[in-house]
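Computed from a prediction, not measured in an experiment: that's the story for all the values here. The chains referred to below are lettered A, B, ... by the order of the sequence lines, with proteins before strands, and numbering in each begins at 1.
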Amino acid sequence: MSVFAVIFLFPLVFMFVSSLKPDAQILQDIDSPMAFLPVGDISLDNYFGVFDRVPVAQFLFNSVLVTVLTVGLGLIVNSMAGFALSRLAWRGRFVVLAIIIATLIVPFETIAVPMVYWVAQLPTLVIEGGVLKYDFGWLNTYEVQIVPFIANAFSIFLFTQYFSTIPKSLDEAARIDGAGWFTIYRRIIVPLSGPAFATVAILTFLPAWNQYLWPLMVVQREELRPVMVGMQYFFQLNTAWGEVMAYTSLITLPVLIVFLVFQRAFVSSIAASGVKG
Amino acid sequence: MTVTPPTVAAETPQRATRRFRTTKGRETWAGLAMMAPAGILLVLFLIIPVILAFTLSFTNARLISPNPPRFVGLDNFVRAFTADGVFVQSVWNTFLFALVVVPVQAGLGLLLAVLVNRRMRGVTAFRVIFFIPVVTSIVVVSILWRFLYQPNGLINSMIDTITFGAWSGMDWLNNPQTALGAIIVLSIWQAVGFHMIIWLAGLQTIPAELYEAAKMDGAGPWRQFVSVTWPGLRPTMVFVLVTITIAALGLFVQIDVMTQGGPVNSTSTIVYYAVRKGYEQQEIGYAAAISLIFFVAVLIIALIQRRLTREKD
């Protein structure tokens with residue numbers, strides 16, 4: 001098992017260690033175990049270099065904004081849909097649920113290109129000289145990175161499943177006390193569904209932070225781009241590998257820390273997505 | 001994907017009082033209102049793009065063009081299979097990738113799951129370690145491995161050391177013979193931890209009494225695996241195989257970051273090619289046709305896998 005552990009860790013250890021070394025030393029250390037040890041000319045110079053080369057702070061801000069809004073709004077919108085599908089009796093809900101489950105099979109890659117064509121024609125509101133006007137085209141905006149990913153068929157499916165395990169008698173008791181459906185959702189179901197919310201949050205957090213293909217296609221303006229697309233700036237002229245390693249370390253570290261802190265929740269979310277799926 | 005329909009609460013029995021009817025009416029309105037935000041978003045950003053992919057594939061639409069799209073029938077599909085060598089090569093590469101990645105990744109994932117499914121000290125640490133590449137972005141992973149695969153990179157220096165200098169490696173990503181293989185290795189490395197967790201969850205649903213009974217009958221570890229573990233993992237197997245296959249067929253980021261489809265198209269894949277055609281070369285109608293072919297392939301394979309794994313029950 002330890003052999004496997006080494007295989008799984010060596011590229012990342014190499015990345016963090018190399019981010020502290022000047023380029024010449026990275027290449028020199030490659031022939032020996034020194035490649036995995038922070039020895040020699042160690043400094044944070046590469047990290048300062050990264051800040052000189054690209055607007056890291058802006059990229060990080062964009063990624064955090066997009067991730068937080070996608071995950072946060074997704075939790076609200078998808079849990080309400082899950083509530084409607086699992087606890088409310090309305091005509092057509094079985095059909096809606098069947099359609100949602102059927103769409104799980106559509107890989108995003110197959111609709112990515114038509115989607116670019118589509119969002120380029122959507123109307124949007126803009127403020128021009130203090131006047132609210134409408135315009136067409138979502139390219140180069142924050143919303144194009146967020147709105148299409150809020151509603152998520154798999155999240156709705158997980159919420160629907162989780163909510164249907166909560167005893168129905170709770171709703172009835174609340175209704176006798178005069179509570180409306182939205183109150184029941186907010187005051188009874190949401191507080192009882194911590195694990196479901198954690199699962200969906202984790203499962204949507206990673207893809208939102210790691211977005212690459214989509215922003216590459218729809219966001220050309222540098223100040224709106226997320227961290228993953230920022231990678232491209234390092235390969236334009238001569239590649240400074242030390243800086244590349246510093247940048248990749250910088251955008252990987254936050255996720256690794258979140259993972260290590262919440263690893264139990266991460267693992268059980270993935271497990272839940274498989275066993276119940 | 002194997003999906004058990006959620007148990008939707010049974011409707012309250014019909015009662016012919018006016019009061020009930022109004023409550024029911026309110027319930028319908030509440031249901032529709034709470035479904036609406038997600039429903040509208042799904043229609044806008046899933047259903048319409050799917051329909052659009054379908055209709056655009058029969059046109060010569062371009063991303064930015066003064067002329068409106070024109071209906072061209074099956075031209076795009078005919079062109080893809082008869083007049084476009086790069087597309088055919090991309091299909092071949094994609095299937096080759098899936099053919100290796102699906103069994104190897106599923107098998108390794110199961111092996112790791114069995115290894116970490118024991119009660120012993122430090123086993124959680126191993127689970128965490130095997131899972132770390134999964135939470136690392138595939139963009140980061142691809143860049144890292146691109147550096148490791150360089151002619152003077154870490155992989156070659158390791159091979160050199162292990163073989164005592166007998167074989168000093170090669171320029172993995174610039175050799176048409178090895179480029180796809182190199183991408184296969186890193187892809188398996190990155191995602192195997194994810195499937196380990198799924199297998200692990202499956203393993204933990206098998207009742208411990210079954211193992212005790214098997215032990216009493218004198219079954220050794222291998223016999224226990226064949227007679228107890230493997231049959232108990234059937235539903236998990238379907239899920240793992242289908243998810244790995246769909247993910248493998250969608251191979252894109254590794255290609256875009258590491259090889260751009262090269263050398264001489266040896267790593268071009270269906271999705272990479274569709275994006276290149278539709279986005280970089282603006283031929284959105286043709287790209288939609290390729291996407292549709294890809295989707296049909298995914299659908300067929302998922303259905304075949306479900307059928308095959310179901311019949312054995």
Side-chain angles (χ1 to χ4, degrees), chain A residues 1 5 8-9 11-12 14-15 27 30-31 35 77-78 80-81 83-84 86-91 93 96 101 103-107 109-111 113-115 117-118 148 150-151 156 160-161 164 168 181 206 210 212-213 217 228 231 241 244 248 252 255-256 259 263 267 270-271 274-275 277, chain B residues 1-3 6-9 11 27-28 30-32 34-35 37-38 41-42 45-46 48-50 52-53 56 63 115 126 128-130 132-133 135-137 139-140 143-144 147-148 152 154 157 194 197-198 201 239 246 250 252-253 271 274-275 278-279 284 287-288 291 294-295 298-299 302:
Chain A
M1 216 168 2
F8 277 83
L9 280 181
L12 288 160
F14 177 75
M15 173 178 86
L27 294 173
I30 264 178
D31 288 330
V77 165
N78 295 319
M80 288 206 317
F83 180 83
S86 62
R87 305 189 78 82
L88 289 169
W90 44 283
R91 275 187 64 155
R93 71 187 190 283
V96 171
I101 290 173
T103 63
L104 286 174
I105 195 81
V106 181
E109 290 87 356
T110 60
I111 55 169
V113 175
M115 191 107 113
Y117 184 83
W118 173 234
I150 293 173
I156 295 175
T160 306
Q161 280 215 319
S164 61
K168 189 84 176 157
W181 284 110
L206 281 178
N210 291 339
Y212 177 73
L213 167 61
M217 295 197 292
M228 294 306 155
M231 274 323 315
W241 282 103
V244 172
T248 52
T252 304
V255 184
L256 277 186
F259 165 62
Q263 57 94 3
V267 168
I270 305 294
V275 170
Chain B
M1 206 171 293
T2 49
V3 282
T7 45
V8 176
E11 276 181 58
E27 198 165 331
T28 298
L32 289 175
M34 293 182 82
M35 188 64 229
L41 287 170
L42 284 177
F45 298 108
L46 188 64
I48 289 178
V50 168
L52 210 52
L56 283 174
L63 196 56
L115 284 176
F126 283 107
V128 169
I129 289 170
F130 298 153
I132 281 179
V135 293
T136 310
S137 155
V139 177
V140 168
I143 284 163
L144 193 53
F147 186 60
L148 300 181
N152 59 348
L154 192 63
S157 92
F194 183 88
I197 298 295
I198 308 278
F239 182 81
I246 293 175
F252 172 79
V253 175
V271 173
V275 170
Y279 182 68
I284 216 156
S291 298
F294 169 69
F295 177 62
V298 168
L299 197 65

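- Rounding to the nearest 0.5 angstrom, the gap separating the CH2 atom in Trp118(A) from the CD1 atom in Ile111(A) is 12.5 Å.
- Note: Val139(B) leads Val50(B), Leu46(B), Val139(B), Val275(B) in heavy-atom pairs under 4.5 Å with chain A.
- Contacts between Phe130(B) and chain A at a heavy-atom distance below 4.5 Å involve backbone atoms as well as side-chain atoms.
- For Val135(B), the parts lying under 4.5 angstrom from a heavy atom of chain A are both the backbone and the side chain.
- The choice from Leu41(B), Leu299(B), Leu32(B) that makes the most heavy-atom pairs within less than 4.5 Å of chain A is Leu41(B).
- With a 4.5 Å cut-off on side-chain heavy atoms, Val255(A) and Thr136(B) do not count as touching.
- Most heavy-atom pairs under 4.5 Å with chain B, from the set Leu9(A), Leu206(A), Ile30(A): that is Ile30(A).
- Heavy atoms closer than 4.5 Å to chain B are found in both the backbone and the side chain of Ala5(A).
- Interface residue Leu154(B): backbone and side-chain heavy atoms are both found under 4.5 Å from chain A.
- At a threshold of 4.5 Å between non-hydrogen side-chain atoms, the residues Met231(A) and Tyr212(A) do not count as touching.
- Heavy atoms closer than 4.5 Å to chain B are found in both the backbone and the side chain of Tyr117(A).
- Atom OG1 of Thr252(A) is separated from atom CZ of Phe259(A) by 13.5 Å, given to the nearest 0.5 angstrom.
- Using a 4.5 Å heavy-atom threshold, the side chains of Val253(B) and Met228(A) count as separate.
- Only the side chain of Val271(B) has a heavy atom closer than 4.5 Å to any heavy atom of chain A.
- Contact of Phe126(B) with chain A is made through the side chain alone, with heavy-atom distances under 4.5 Å.
- With a 4.5 angstrom heavy-atom cutoff, Ala274(B) touches chain A only via backbone atoms.
- Between Leu88(A) and Trp181(A) there is a side-chain heavy-atom pair separated by less than 4.5 Å.
- Across Ala288(B), Pro133(B), Gly278(B), Ser137(B), the residue that shares the most heavy-atom pairs under 4.5 angstrom with chain A is Ser137(B).
- When heavy atoms are compared at a cutoff of 4.5 Å, Leu148(B) approaches chain A solely by way of its side chain, counted from C-beta outward.
- Taking CD from Glu109(A) and CZ from Phe294(B), the interatomic distance works out to 5.5 Å, rounded to the nearest 0.5 Å.
- In this structure, chain A has heavy atoms under 4.5 Å from both the backbone and the side chain of Val128(B).
- Counting heavy atoms from C-beta on, the side chains of Leu56(B) and Val113(A) never come closer than 4.5 Å.
- Leu12(A) has its side chain within reach of Ile132(B): a pair of non-hydrogen atoms, C-beta onward, lies under 4.5 Å apart.
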